[in-house]
Student: 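Here it is, the structure in full.
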Amino acid sequence: MKIAIIGGGSAYTPGLIEGLLKIRHEVPWTEICLMDIDRDKLKVVSAIVTKIVREADASAHVTTTLNRVEAITGSAFVLCQIRVGGLAGRVLDEKIPLKYGVIGQETVGPGGFAMALRTLPVMLEIARDIEKHAKEAWLINYANPSGMVAAVLAKFTQIKAVSICDVPIGIQYFLADAMGVPHHQVKLDYVGLNHLGWFRRIFLKGEDITPYIHRMVQSQDILSLLPSSDEKTVEETKMALRIYEKTKVIPSPYLQYYYLTRESLLKQQQERQTRGEVVQAIEKELLSHFAEVVEADDVRLWKSRGGAWHAELMVNILSSIHNDKGEEYIVNVINQGCVPGMAEGACVEIPCIVDKRGARPMPVAAPSLDMLGLMQVVAAYEALTVEAALEGSYKKALLALNLNPLVPSLEVAKQILDAYIESHTGQIRLS
Ligand code: G6P
Ligand code: MN
């Protein structure tokens, strides 16, 4: 059984491989094919991954290629973690809006819009390759913007696909760990879009324990319970707590950009570096660390990119599909009546049953009007962005960006859009 990883040169790959090794008793893969367009990163990452796999199990092996069709052909699963334009593209996505007094974030606001314009056409090409060369294969996608990618795959392709994000599972596992209970015993009534959602109720072994969780959030020092003390996690949690204090609903950390817009912007403007630049440095350091580990020939030393549950979500979903487990995960699906009040055809992020038929939405309670309003506007912005990206339409792109709640006017939308087209040379093509 072959598994392809598109974007295999990512610093996340060794963690993912470790996850895939852990589930080998239930998903008996024999080959992992790493594909990337960046020859240098692929070389470094495949060297460490080859060692990790070789030490763990001699019956499995790693192959590499720069050719996407070669990677996809014969694969049962295609795992996708591409970043079109690389981290340099992310830095531009985040920096340009700041010049115009608008939030600069990789997946939210103009940054996510620019990322979508670059990414969606490529995701469609990947899907076409799967349709042609491995039509029975499952695509499990992490590439952002994950919600818009899900919409493209569902509406414009025939492939079997699931598009995921590690934010909901991060909250689920965090709450389970804070209570000292097994992860799977905690279930969430979450509703929203990707990177825009609310954890409305929490269940433990089927019992609604929301009041208990609220008391815990209010009375305990949540910051001391965090799985990681890195600055990003701490800052995000502080902002989420500020929102919680006012709304009494646990927010996705990404809601800070919509609820605390001015403050988030001010913080970004005061930072010495954008997040993209910080991550560039992290990646550089990790790649040289991987090379050192290979050189020292001791894979026990390797450090991961972080994102505690990143790999686990991916491999759990893979196994739930492969073994027809029907486990529950919060993923991105098209709304076909599952979210009351929400536009049909919008891509929503909600609890789903995942089995060999894919992700099937579970019924969710209607979002309150404040949630629904924001979801509807952002879903309309996303739908129009998808059209703009796939049709290459400048007019639709401009109207989409203007619709984004973080963009103040058509004039600013135009300035940002034009700056993106100019600086992402050749990567955003609109007419
Ligand atoms: C979370 C999100 C991902 C996003 C990542 C960025 O995990 O769910 O979609 O890509 O954060 O993290 P970074 O460390 O690159 O800023
Ligand atoms: Mn995500």
Side-chain angles (χ1 to χ4, degrees), residues 1-83 86-87 126 129-130 133-134 137-143 166 279-319 322:
M1 177 184 178
K2 177 181 172 185
I3 298 175
I5 304 182
I6 311 296
S10 161
Y12 281 110
T13 301
L16 193 51
I17 300 297
E18 227 179 24
L20 288 168
L21 282 166
K22 274 194 212 144
I23 59 159
R24 247 192 116 215
H25 61 285
E26 41 185 285
V27 183
W29 55 271
T30 49
E31 176 188 353
I32 291 199
C33 181
L34 304 182
M35 182 269 154
D36 208 289
I37 56 170
D38 186 325
R39 188 185 292 268
D40 298 335
K41 278 170 64 178
L42 185 61
K43 200 168 161 216
V44 175
V45 171
S46 64
I48 184 164
V49 161
T50 304
K51 273 196 188 294
I52 293 173
V53 171
R54 202 175 286 153
E55 296 233 339
D57 195 329
S59 64
H61 71 291
V62 178
T63 53
T64 64
T65 179
L66 297 167
N67 182 316
R68 194 166 68 209
V69 170
E70 193 183 311
I72 287 171
T73 306
S75 289
F77 287 91
V78 177
L79 313 183
C80 179
Q81 45 178 15
I82 60 168
R83 185 182 278 285
L87 284 170
I126 294 173
D129 283 349
I130 296 175
H133 302 281
W138 276 95
L139 173 66
I140 309 181
N141 173 64
Y142 250 133
D166 59 4
V279 173
Q280 273 181 321
I282 295 174
E283 183 185 84
K284 194 162 170 240
E285 200 187 308
L286 272 178
L287 290 174
S288 56
H289 160 71
F290 292 161
E292 277 165 29
V293 169
V294 171
E295 185 68 25
D297 201 17
D298 191 349
V299 292
R300 288 170 310 175
L301 300 172
W302 83 272
K303 290 187 297 209
S304 88
R305 164 73 165 82
W309 310 115
H310 187 90
E312 189 159 332
L313 176 63
M314 177 70 100
V315 303
N316 284 354
I317 293 222
L318 194 160
S319 180
H322 183 71

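Since the model is a prediction, treat every value here as computed from it, not as a measurement. Nothing fancy with the numbering, it's 1 onward along the sequence.
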Student: Can you tell me which residue pairs pass the side-chain hydrogen bond (donor to acceptor under 3.5 Å, both in side chains) test with a partner in residues 47-59, sequence neighbours excluded?
Tutor: Arg24-Asp57, Arg24-Ser59, Lys51-Asp297, Asp57-Ser59
Student: Can you name the closest pair of heavy atoms from Gly8 and Val45 and give their distance?
Tutor: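 Closest heavy-atom pair between Gly8 and Val45: O-CG1, 3.4 Å.
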Student: What pair of heavy atoms forms the shortest contact from Ala134 to Gly74, and how long is it?
Tutor: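 Result for this residue pair: CB-N, 4.5 Å.
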Student: Tell me the closest heavy-atom pair linking Ala71 and Ile6, and the distance in Å.
Tutor: CB-CD1, 4.2 Å
Student: Just how far is it from atom CG of Leu66 to atom CG of Leu42, taken to the nearest 0.5 Å?
Tutor: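 If we round to the nearest 0.5 Å, Leu66:CG and Leu42:CG are 6.0 Å apart.
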Student: Give a yes or no answer on whether the side chain of Thr13 reaches the backbone of Ser10 with a donor-acceptor pair at less than 3.5 Å.
Tutor: yes
Student: Can you pull the salt bridge (charged side-chain N to carboxylate O under 4.0 Å, His left out) pairs that have at least one residue in residues 28-45, sequence neighbours excluded?
Tutor: Lys41-Glu283
Student: Under the side-chain contact (heavy atoms from CB on, under 4.5 Å) rule, what do Thr64 and Val49 come out as? Steps first, then yes or no, please.
Tutor: CA-CA 11 Å; Thr64 64; Val49 161; over 6 Å; no
Student: Rounded to the nearest 0.5 Å, how far apart are CD1 of Ile317 and CG of Asn141?
Tutor: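 It comes to 11.0 Å.
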Student: If you compare all heavy atoms of Leu286 against all heavy atoms of Ser304, which two are closest, and at what distance to 0.1 Å?
Tutor: CD2-O, 4.2 Å
Student: Does Glu285, at its CD atom, have more than 12 non-hydrogen atoms belonging to other residues, nucleotides or ligands within less than 6.0 Å?
Tutor: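 Not buried by this count: 12 neighbours or fewer within 6.0 Å.
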Student: Start with the C-alpha distance between His322 and Met1, add both sets of side-chain angles, then the distance that settles side-chain contact (heavy atoms from CB on, under 4.5 Å), and finish with yes or no.
Tutor: CA-CA 11 Å; His322 183 71; Met1 177 184 178; 4.0 Å; yes
Student: Can you tell me how far the NZ atom of Lys284 sits from the CG atom of Leu87, to the nearest 0.5 Å?
Tutor: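 The NZ atom of Lys284 sits 13.0 Å away from the CG atom of Leu87.
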Student: Verify the neighbour count for atom CD1 of Ile37: are there more than 12 heavy atoms of other residues, nucleotides or ligands below 6.0 Å?
Tutor: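 Open: at most 12 neighbouring heavy atoms sit under 6.0 Å from CD1 of Ile37.
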Student: Which value, rounded to the nearest 0.5 Å, describes the distance between Leu21 atom CG and Ile32 atom CD1?
Tutor: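 Going from the CG atom of Leu21 to the CD1 atom of Ile32 covers 6.5 Å.
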Student: I need the full list of ring-ring contact (aromatic ring centres under 6.0 Å, His included) pairs touching residues 285-315, with sequence neighbours left out, sorted by first then second residue.
Tutor: Tyr12-His310, Tyr142-His310, Tyr173-Trp309, His183-Trp309
Student: Check whether any side-chain N or O of Thr30 sits under 3.5 Å from a backbone N or O of Ala60 as a donor-acceptor pair, and report yes or no.
Tutor: no
Student: Kindly give the heavy-atom pair with the smallest separation between Gly19 and Val315, and that separation in Å.
Tutor: C-CG1, 3.6 Å
Student: Within this structure, what is the CD1-CG distance for the pair Ile5 and Leu16, rounded to the nearest 0.5 Å?
Tutor: 4.5 Å
Student: Quick one: salt bridge (charged side-chain N to carboxylate O under 4.0 Å, His left out) pairs with a partner in residues 4-23, sequence neighbours left out?
Tutor: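 Counting only pairs at least two positions apart or across chains, no salt bridge (charged side-chain N to carboxylate O under 4.0 Å, His left out) contact touches residues 4-23.
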Student: Looking only at non-hydrogen atoms, find the nearest pair between Ser319 and Ile23 and report the distance.
Tutor: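 Reported closest heavy-atom pair: CB-CD1, 4.4 Å.
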Student: Rounded to the nearest 0.5 Å, how far apart are CD1 of Ile72 and CD1 of Ile126?
Tutor: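 Those atoms lie 6.5 Å apart.
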Student: Does any non-hydrogen side-chain atom of Ile17 lie less than 4.5 Å from one of Val62?
Tutor: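 No, too far: nothing below the 4.5 Å cut-off.
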Student: Return each pair, listed once, that meets ring-ring contact (aromatic ring centres under 6.0 Å, His included) where at least one residue sits in residues 13-67; pairs must be two or more places apart or across chains.
Tutor: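 Residue pairs passing ring-ring contact (aromatic ring centres under 6.0 Å, His included), neighbours aside: none found.
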Student: Sorted by first residue and then second, give each salt bridge (charged side-chain N to carboxylate O under 4.0 Å, His left out) pair with at least one member in residues 68-81; sequence neighbours left out.
Tutor: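 Counting only pairs at least two positions apart or across chains, the salt bridge (charged side-chain N to carboxylate O under 4.0 Å, His left out) contacts touching residues 68-81 are Arg68-Glu125, Arg68-Asp129.
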